[in-house]
Amino acid sequence: MSNLLEKTVPRYTSYPTAPNFSAAVNAEVYRAWLEDVGSQATLSLYLHVPFCRELCNYCGCHTKATLRDEPINDYAERLIEEIALVADCTGHRKVTHIHWGGGTPSILGADLLKRITEELWWHFDLGTIREHASELDPRYLTKQLAQVLRDIGVNRASLGVQDFSPHVQQAVGRIQPFETVKDAVDRLHDVGIDRINLDLMYGLPKQSVADVRQTASLAQRLQPQRIAVFGYAHVPWFRPQQRLIDEADLPTSQERLEQAEAAHETLVQFGYQPIGLDHYALPADELTPAAKSGRMTRNFQGYTDDDADALVGLGASSIGRLPQGFAQNEPAVGNYMRAIAAGKLATVRGIALSAEDRVRGHIIERLMCDMTVDLGAVSAESGFDIGTDFSQELESLQPFTENGTLVIEGHHLRITEKGRPYMRLVASAFDSYLKQSRSKHSVAV
Ligand code: SF4
């Protein structure tokens, strides 16, 4: 199994994955797709804010550090203009979910957060919104900011924790003791934001199994509804910031697996239900019944019960998922701002989904969400022939059936509990782009 652990595969937050997007999907194509979104269609909105006050060494996000407010103010103006541009194409559609990500979205400050939200209210119907979430940095969550978030309607907050151990925090360049995170959670509760997610990480420099266990144990004391446990992806060729991390300090593949298992054991022991690859939720959280009933889906923010018909990305680098395919905005902030200031959508790449992409994407999503998929049902719905179209895939999965991580009964695939960490590898058997792709991904576990 050790050679399997070292294989590099995508995280499958989309299929096809972003490295397979091309310039064939440009602003014109995206405009036509948006105009075709049906009048009854519901939207989910993702707003990307690519600024932080300082960069963490492990960061894998599209963001940049700034101490000045001017670039943030200019960016917010373009975001407001982009909202109007998109709404011109879609019309006044119902929005069910909003997610602010980054970067550090709260870096916008009270006035800009309010202005952007007012713009959303003006152009879309936010009256039946189910979830309004924001990623937050606990180091900057003041009482005033918590109140502003509540005032604009935020009802779920995700706080980045990573690891509570001081030596790991030192190694990743982000110091935030347990008390800092606890204060942030208390401030959110005080204003009535009770749906809290904490994001932990394993595979960090200088991190041990004991650190992970201790961090998971401390995190559950704060009683968040959800805890995500992400494996650190060391991709310095893609994120130069990570060159600050000494590779000699990184755990081995076997140690990463043991760390993931330690987090799993600790959280399950405290009553959290394992969800998909890397999430844990309390039984009362919305994700738990969604996961049990096959309603959970996967998007760029991870696992969700979001059932909107289309996901619209706003801001530099954001990716939207429309019924026709995926579309990504220009990642470079300057280019993004110039496009929007010129009155154009900032789409630079994407992919229109073929019939085969949809079938393979469905199989991969079900494996990543439910750990099981019925190829017979997929075949009946899509007309794909399992014997011919998936024979190679089924053959390539033999190592997993032999080591007890996957059970294949007829056309039914089931990843076992022992196989949970290998989910990405099993799913990757159905990725027809992977063999042709030269892009580098992170290790599977
Ligand atoms: S990890 Fe979060 S806070 Fe740190 S640099 Fe990246 S986006 Fe900013």
Side-chain angles (χ1 to χ4, degrees), residues 11 13 18 46-69 71-72 75-76 79 99-109 112-113 133-142 145-146 149 154 156-166 168-177 180-181 183-185 188 196-207 215 219 224 226-245 249-250 278 300-302 313-319 329 331-333 336 442:
R11 298 184 59 78
T13 49
Y46 172 76
L47 295 103
H48 191 75
V49 182
F51 297 103
C52 297
R53 286 300 177 206
E54 54 192 312
L55 292 187
C56 312
N57 300 350
Y58 64 91
C59 182
C61 305
H62 278 286
T63 191
K64 55 206 274 187
T66 180
L67 293 174
R68 295 184 307 126
D69 287 340
I72 298 166
Y75 182 82
L79 209 46
H99 188 109
W100 301 77
T104 307
S106 62
I107 205 169
L108 290 166
L112 291 174
L113 283 167
S134 181
E135 295 167 14
L136 294 174
D137 185 332
R139 296 172 297 175
Y140 298 105
L141 191 72
T142 59
L145 175 62
L149 292 168
V154 168
R156 182 178 288 281
S158 289
L159 302 173
V161 168
Q162 293 67 246
D163 189 297
F164 284 121
S165 320
V168 179
Q169 296 194 354
Q170 196 74 45
V172 298
R174 179 165 170 168
I175 308 297
Q176 46 171 52
T180 304
V181 179
D183 286 350
V185 171
L188 291 166
I196 309 284
N197 301 6
L198 296 185
D199 294 342
L200 315 186
M201 289 180 88
Y202 67 86
L204 291 169
K206 297 198 188 289
Q207 195 179 27
T215 295
R226 291 181 200 168
I227 298 179
V229 185
F230 298 120
Y232 166 60
H234 191 60
V235 287
W237 57 89
F238 193 46
R239 294 281 176 255
Q241 181 70 13
Q242 295 183 348
R243 293 195 189 121
L244 293 170
I245 289 178
D249 289 338
L250 292 173
D278 46 19
F300 301 100
Q301 282 73 58
L314 298 158
S317 81
S318 65
I319 303 179
N329 270 352
V333 173
Y336 160 81
S442 58

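One-based numbering, in listed order, for ligands and for the atoms of each.
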Before you tell me yes or no, could you show the steps for Q207 and Q162 under side-chain contact (heavy atoms from CB on, under 4.5 Å), namely the whole-Å CA-CA distance, both residues' side-chain angles and the distance that decides it to 0.1 Å? CA-CA 10 Å; Q207 195 179 27; Q162 293 67 246; over 6 Å; no
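- The two atoms that bring E54 and A65 nearest to each other are CA-CB, 4.1 Å, heavy atoms only.
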Take D163 and V172, measure what side-chain contact (heavy atoms from CB on, under 4.5 Å) needs, and give me the verdict at the end. CA-CA 10 Å; D163 189 297; V172 298; over 6 Å; no
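- By the criterion of a separation under 2.8 Å, the protein N/O/S atoms near atom 6 (Fe) of ligand 1 amount to C59 SG.
- Of the possible polar contacts, one joining the Q242 side chain to the A233 backbone as a donor-acceptor pair under 3.5 Å is found.
- The side-chain hydrogen bond (donor to acceptor under 3.5 Å, both in side chains) check on T104 picks up nothing, with sequence neighbours excluded.
- The nearest heavy-atom contact from the protein to atom 2 (Fe) of ligand 1 is R174 NH1, 3.8 Å.
- Among D199, L188, N197, the one residue that satisfies the side chain to side chain contact (heavy atoms under 4.5 Å, CB included) test with L159 is L188.
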